[in-house]
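Read the structure below first, then the notes.
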Protein chains: 2
Amino acid sequence: MSPAPLEPASGEPPPIFRLKADFFRVLGHPARVRILELLRDGERSVGELQAATGLESSGTSQHLTAMRRQGLVESRRAGTSVFYRAKDPRIFQLLEIAKQILAGRLEETRELLGDLAAEDAPRS
Amino acid sequence: MSPAPLEPASGEPPPIFRLKADFFRVLGHPARVRILELLRDGERSVGELQAATGLESSGTSQHLTAMRRQGLVESRRAGTSVFYRAKDPRIFQLLEIAKQILAGRLEETRELLGDLAAEDAPRS
DNA sequence: TTTATGTCTACAGAGTTTTGAAGATTTGCA
DNA sequence: TGCAAATCTTCAAAACTCTGTAGACATAAA
């Protein structure tokens, strides 16, 4: 069995786990997650997204460009505005599962805090 | 309606989209995706993971630490070895959906290439 | 004590994000 | 038509964050 090293000979097609990592990395920024959450309700103009995130217009545009490169969003122009939308609805499933995993973690933390409190006031 | 800025007053609890971003960011590295894929088949020692990824033992340990901080993995010690396992099986769902989204993208690319080839040899 | 395994620390190099200014495109209007 | 306003995008420099590497440290077993 080959050990499947992390860095194959250059020039080869990138291994799947690298593609996945690039994909997840683009989700690894609060502004981009926020934008995707906004797009769950339908398309939004850059201006609207900018207002919602509080970013510079330039920054907003760059985040959108990054997401487009990863095939996460697509856009259409209408007058001087550009509207963005999610390209694949499965991205929302992804966000949903992430939320569930995070919720599980928070629940765990909550129980732990409860246990700590119980130690101060022992004997139920 | 408040615009929900990206950066709230410091000291407040972090907004959900920041937690999600932190979560995804930890998935944004090939070695870590690779490690999770290996853990799909059950627990693995650091040494095994190191061999599979081709990293230094130190690097492997650091990636595992990062994933533990995010609650993605947990470990147990057995003799001089430490075995890691995924903490929440839903993480594999996440990887699966990512794979599907990526597969869709590749399919698209393939079609596009087909179209280009067709232009060189027109008239079907 | 020595060997086997992992983890921690520190830091240089690589990569990402922010910011501000300049450029592009479309529309409206004199 | 020609100009100005509105909306985005691109570019480049500075600030920041992450990763790989190497060595010291920790722990368990022989």
Side-chain angles (χ1 to χ4, degrees), chain A residues 5-8 10 14 17-36 38-39 43-70 72-85, chain B residues 5-8 10 14 17-36 38-39 43-70 72-85:
Chain A
L6 219 49
E7 297 296 345
S10 89
F17 50 84
R18 173 174 290 288
L19 294 180
K20 281 189 196 164
D22 290 346
F23 175 81
F24 283 124
R25 180 158 355 178
V26 90
L27 295 176
H29 190 291
R32 298 196 286 255
V33 169
R34 185 92 178 86
I35 287 173
L36 284 174
L38 290 165
L39 295 184
E43 65 176 16
R44 289 275 185 284
S45 74
V46 176
E48 292 174 312
L49 295 172
Q50 182 192 342
T53 56
L55 293 171
E56 297 293 316
S57 102
S58 142
T60 308
S61 195
Q62 279 165 170
H63 285 304
L64 288 167
T65 298
M67 290 199 280
R68 194 203 330 256
R69 265 201 310 272
Q70 276 303 314
L72 248 55
V73 299
E74 50 192 2
S75 61
R76 80 185 165 87
R77 175 159 215 135
T80 64
S81 293
V82 175
F83 289 84
Y84 278 83
R85 61 182 171 285
Chain B
L6 219 52
E7 295 297 345
S10 89
F17 50 84
R18 174 174 290 288
L19 295 180
K20 282 188 195 163
D22 290 347
F23 175 81
F24 282 125
R25 181 160 343 174
V26 90
L27 296 176
H29 189 291
R32 298 195 286 254
V33 170
R34 185 93 179 87
I35 287 173
L36 284 175
L38 290 165
L39 295 184
E43 64 176 17
R44 290 274 184 283
S45 73
V46 176
E48 292 172 312
L49 295 172
Q50 181 190 345
T53 56
L55 293 170
E56 297 293 314
S57 105
S58 149
T60 308
S61 192
Q62 281 166 171
H63 285 302
L64 288 167
T65 297
M67 291 200 278
R68 195 207 324 257
R69 265 201 311 271
Q70 276 302 314
L72 249 56
V73 299
E74 51 191 3
S75 60
R76 80 184 166 88
R77 177 161 212 132
T80 65
S81 294
V82 175
F83 288 85
Y84 278 83
R85 61 182 172 284

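From a predicted model like this one, the values you see are computed outputs, not experimental measurements. Throughout, protein chains are lettered first and strands after them, A, B, ... in sequence-line order, and every chain is numbered starting at 1.
Note: CG (Leu55(B)) to P (dG6(C)) measures 14 Å, nearest angstrom. Rounded to whole Å, the distance from OH on Tyr84(A) to P on dC8(D) is 9 Å. For Arg76(B) and dT5(C), the CZ to C1' distance is 14 Å, given to the nearest whole Å. Between the CZ atom of Arg69(B) and the P atom of dT7(C) there is a distance of 13 Å, rounded to whole Å. Rounded to whole Å, atom C1' of dC18(D) lies 13 Å from atom CG of Asp22(B). We find that CD of Glu56(B) is positioned 15 Å from P of dT7(C), with the value rounded to whole Å.
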Apply side chain to side chain contact (heavy atoms under 4.5 Å, CB included) to Val33(A) and Arg18(B), showing your working.
-> CA-CA 8 Å; Val33(A) 169; Arg18(B) 174 174 290 288; over 6 Å; no
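If you check every strand for non-hydrogen atoms under 4.0 Å, Ser58(B) touches a base. Among the atoms of the strands shown, only primed sugar atoms or phosphate atoms (P, OP1, OP2) are found under 4.0 Å from some heavy atom of Gly47(B). If you check every strand for non-hydrogen atoms under 4.0 Å, Ser81(B) touches sugar and phosphate atoms only. At a threshold of 4.0 angstrom between heavy atoms, the contacts of Thr60(B) with the nucleic acid are absent.
Minimum atom distance to the side chain of Ser61(A) is reached by dT9(D), of the listed dT7(D), dT9(D), dT27(D). Comparing dT18(C), dA29(D), dT9(D) by their nearest atom to the side chain of His29(A) picks out dT18(C). Ranking dC8(D), dT9(D), dG20(D) by closeness to the His63(B) side chain, first place goes to dG20(D). Of the candidates dG6(C), dG20(D), dG23(D), the closest approach to any side-chain atom of Val82(B) belongs to dG6(C). In the set dC8(D), dG20(C), dT7(C), the nucleotide with an atom closest to the side chain of Arg68(B) is dT7(C).
A salt bridge is defined here as a Lys NZ or Arg NE, NH1 or NH2 lying under 4.0 Å from an Asp or Glu carboxylate O, and Arg85(B) with Glu74(B) meets this definition.
Position along DNA chain C of the nearest nucleotide to Ser57(A) versus Gly28(A) favours Gly28(A) as the more 5'-ward residue. Both Thr65(A) and Arg77(A) lie near DNA chain D, and the one whose nearest nucleotide falls closer to the 5' end is Arg77(A). Each of Gln50(B) and Ala78(A) was matched to the nucleotide of DNA chain C holding its nearest heavy atom; the match closer to the 5' end belongs to Gln50(B).
Atom CZ in Arg44(B) sits 13.0 Å away from atom CG in Leu64(B) (nearest 0.5 Å).
Residue-to-nucleotide contacts include a donor-acceptor pair under 3.5 Å from the side chain of Gln62(A) to the base of dC11(D).
Screening Leu72(A), Thr60(A), Leu38(A), Val73(A) for a side chain to side chain contact (heavy atoms under 4.5 Å, CB included) involving Tyr84(A) leaves a single residue, Val73(A).
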